[in-house]
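Structure first, then comments.
Values in this document were obtained by computation on a predicted structure and should not be read as measured data. Within every chain, numbering begins at 1; the chains are lettered A, B, ... in the order of the sequence lines, protein sequences first and strands thereafter.
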Amino acid sequence: MTETPDQQPRRPSISHLAVPRLSILGARVIDPASGFNQVVDLHLAEGKVLAIGPPPADFRAEELIDAGGLLAIPGLVDLCARLRQPGLEQKATIRSETRAAASAGITTLCCPPDTLPVVDTPAVAQLIRQTAEQQGFARVLPAGSLTQGLAGEQISEMAALARAGCPVLSHADRPIRSARVQRRALEYAATFDLTCFLHPANASLSEGGLVHEGRISTRLGLPGIPAAAETVAVARDLALAEQTGARIHFRGLSTARATEMLAEARARGVQVTADVSAHQLFLTEDDLDPFDANALVLPPLRTEADRQALRAAIAAGVISAICSDHQPHEADAKLDTFPQAAPGISALETLLPLTLRLVDEGLLPLPSALACVTCHAAAILGLPYGRIQPGVAADLCLLAPNERWKLTPERMRSQGKNTPFLGQSMRGAPRLTLLGGRPVFDAAAP
Amino acid sequence: MSSSPLASASAIKQLQASSVDPSAFVANPQLDAQGHLRHFLTIDGLDRALLTDILDRAEGFLSVARAPVKKVPLCRGKIIANLFFENSTRTRTTFELAAKRLSADVLNLNISTSATAKGETLLDTLRNLEAMHVDMFVVRHSDSGAAHFIARHAAPHVSVINAGDGCHSHPTQSMLDMFTIRRHKGEIAGLKVAIVGDILHSRVARSQISALNTLGAAEVRVIAPRTLIPACAPEALGVRVCHDLREGVTDCDVIIMLRLQRERMTGGFLPSEHEYFYLFGLTEKRLASAKPDAIVMHPGPINRGVEMDSEVADGPRSVILEQVSNGLAVRMAIMSTCIGAQHSAGQSPEREAARD
């Protein structure tokens with residue numbers, strides 16, 4: 001442990017906003033990317049991890065942090081979080097949601113292109129990035145739209161979007177109806193080796209549907225979205241990926257059959273990855289009863305068999321990432337009849353505790369669970385985040401792993417309070433979040 | 001058949017107290033803390049005793065129609081608002097008449113052409129009506145779950161009755177159907193009942209199935225092509241599925257025909273009315289497979305020559321017009337029961353006076 005005689009280590013605090021050289025003492029450091037898992041000191045300099053263990057000979061920390069009893073984990077990387085800006089600021093803003101993300105241990109966010117205007121020009125991508133940089137709470141990476149205006153007709157200027165800071169392309173949750181347009185979009189993206197995020201849903205089968213077509217939709221008389229809407233789309237997209245050689249990523253799988261198709265395709269060598277929204281691992285169609293609009297999501301909550309298959313796919317590594325699929329809404333958006341309510345869950349602040357719940361339930365060991373929300377997610381973006389290793393950005397979360405807290409609207413920092421997990425007990429409380437070595441959240445700060 | 005239509009509030013309390021175990025209904029949004037029926041949103045979750053109590057109570061109300069003065073004072077001083085967000089003439093009229101026979105003041109609001117068309121939210125409409133001291137909302141809406149939503153947000157002194165929400169539920173219609181069946185068959189328990197037609201979109205069918213199963217029917221069959229029956233109907237609804245009309249009605253005591261919604265004919269569910277009638281239309285010949293004393297029902301309005309022959313619709317086994325008459329008595333029973341729950345929840349006359 002490093003301790004200079006003239007400096008006493010302090011508990012985490014945000015009072016020193018910019019600390020060029022910092023030592024974090026006595027945390028259990030877990031780096032899922034390398035398998036490192038030890039109680040050790042961490043030394044940060046110039047926004048990066050300098051050393052793990054003993055400090056370099058010429059290193060002198062300006063600040064010491066006593067992190068005894070805490071975990072030091074990589075800052076989380078969330079592959080799908082809507083920040084609602086530009087265009088839907090009544091729901092949330094980049095400032096409100098990145099602050100919430102920092103408080104939840106998330107340091108990198110990828111947002112879908114369904115803003116107003118759509119992220120289909122470099123100007124919109126740059127606006128989002130610059131606004132996030134000015135606020136400074138989290139790294140925000142917009143996904144560029146695969147087609148202009150998300151209309152599914154004319155492919156967008158993908159190379160320009162990539163230059164403007166879009167690491168991936170996406171069509172948000174609006175399926176491209178035309179297989180021909182989808183093919184051209186994938187081919188064009190493959191030209192520049194850009195990963196395409198696809199929400200698999202066959203438009204004509206899912207159109208008009210609200211919930212999983214099954215037992216609950218039958219009982220409640222709600223229009224259903226059949227499981228086949230997803231599997232038909234997965235089949236089409238896999239065929240097109242094989243045809244075009246494009247790298248695709250399925251965003252938010254929800255059905256058992258889709259996980260089987262994914263595993264088969266990966267075994268064949270198709271360049272395909274997938275993630276699952278955290279709520280899909282815990283909720284089923286039964287949670288809709290009776291007409292709970294907070295559980296209205298797309299893709300819909302499926303059956304218990306689907307939920308178990310998604311969990312098994314996570315455990316086997318077939319699905320490699322878990323994301324929040326954060327969709328904050330203003331209260332009025334949910335204050336209507338179930339069919340009229342807006343779909344989506346405010347989910348940034350439950351991503352980490354739900355991931356830890358998978359550990360508690362014995363599905364995954366802690367490092368593997370954390371990998372799904374850190375290095376694996378970063379690898380899908382093709383970026384070197386989500387790891388604690390010398391030379392990489394010092395994006396860290398100091399976590400009190402056993403601290404329990406209750407999810408309440410008052411405690412939530414997101415502008416959206418729409419979540420079916422309200423009132424539930426959660427485990428794991430971030431104490432300090434660092435973005436590039438700079439504190440962006442401090443639980444002890446007023 | 002015990003309750004009199006002139007039963008006092010105390011009799012209503014007694015009726016309700018006899019039928020429920022409050023601890024069993026903690027999560028049921030239709031029941032108040034004492035287990036009394038406060039809202040009538042769906043048949044699901046209500047027990048056999050409660051449904052039987054409503055049917056018994058409706059028996060008493062039948063005589064009101066034949067009395068020289070067709071009114072009882074059970075809801076005197078109460079305001080009942082019919083909120084019809086979806087067009088309806090028959091159902092709205094029977095609710096209005098039922099409320100008037102209970103001596104309530106009635107507001108009829110055709111919301112689809114007024115407030116919401118101007119952009120007012122459903123909740124704002126609700127709040128405005130609550131400000132007029134309405135005691136009960138009768139709600140029809142094209143969205144499944146609308147009545148649940150309104151009940152969830154209604155003031156504590158307000159009851160909500162579902163007059164049909166989307167494809168979900170039409171519980172008063174199913175209760176009048178049960179009432180009609182019981183008057184002809186004595187008991188629901190042990191009967192074989194066939195429901196023919198568009199089960200997929202039918203709120204009436206969902207409520208009928210739930211009521212029949214709760215009241216102990218021996219078997220409920222649904223009969224239609226696969227496009228009109230949800231794939232998991234047996235598991236979700238507790239029915240047997242048939243795709244052959246003759247087989248489906250064999251040995252049945254009751255046959256309920258559903259209206260085939262013409263607007264869905266072009267939606268890819270059916271090739272034509274002609275083929276539907278050829279396969280699933282009820283004729284005297286096909287009716288012969290049912291029990292000799294089987295009755296034929298239809299919630300109306302009938303598409304003659306599509307769902308059934310006129311010969312059947314107007315024949316001796318048809319009880320279709322009786323269903324309409326019974327609708328009044330059953331709706332009176334349900335409304336007075338819910339208003340009774342308001343009394344039992346402790347609304348004092350002083351409090352009610354203060355509200356005025």
For B:Ala146, is it the side chain, the backbone, both, or neither that has a heavy atom closer than 4.5 Å to a heavy atom of chain A?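 Both backbone and side chain of B:Ala146 come within 4.5 Å of chain A.
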Quick one: what part of B:Arg206 sits under 4.5 Å from any heavy atom of chain A, side chain, backbone, both or neither?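 Just its side chain gets close to chain A.
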Find out whether B:Pro234 and B:Arg240 are in side-chain contact, i.e. whether some heavy atom of one side chain is under 4.5 Å from a heavy atom of the other.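 No; the side chains remain at least 4.5 Å from each other.
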Evaluate the side-chain proximity of A:Thr419 to A:Met412: yes if any heavy-atom separation is below 4.5 Å, no if none is.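 SC-SC contact between A:Met412 and A:Thr419 confirmed.
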Is the Lys NZ or Arg CZ of B:Arg90 less than 6.0 Å from the centre of B:Phe95's six-membered ring, within 45° of the axis?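 That pair does not qualify as a cation-pi contact.
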Could you walk me through whether A:Lys91 and A:Glu89 satisfy the salt bridge (Lys or Arg N to Asp or Glu O under 4.0 Å) test, starting with their C-alpha distance in whole Å, then the side-chain angles of each, then the deciding distance to 0.1 Å, before giving a yes or no? CA-CA 5 Å; A:Lys91 294 182 184 291; A:Glu89 287 83 355; over 6 Å; no
Picking from A:Asp332, A:Leu210, A:Leu222, A:Thr218, which has the most non-hydrogen pairs under 4.5 angstrom with chain B?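 Heavy-atom pairs under 4.5 Å are most numerous for A:Thr218.
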Between B:His153, B:His168, B:Glu235, which has the largest tally of heavy atom pairs under 4.5 Å with chain A?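 Highest number of heavy-atom pairs under 4.5 Å: B:His168.
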Report the option among B:Ser144, B:Gly145, B:Pro230, B:Ala236 that has the most heavy-atom pairs separated by less than 4.5 Å from atoms of chain A.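 Answer, by heavy-atom pair count under 4.5 Å with chain A: B:Ser144.
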How are the rings of B:His148 and A:Phe291 set relative to one another: parallel (under 30°), tilted (30 to 60°) or perpendicular (over 60°)?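 Tilted: the ring planes of B:His148 and A:Phe291 meet at 30° to 60°.
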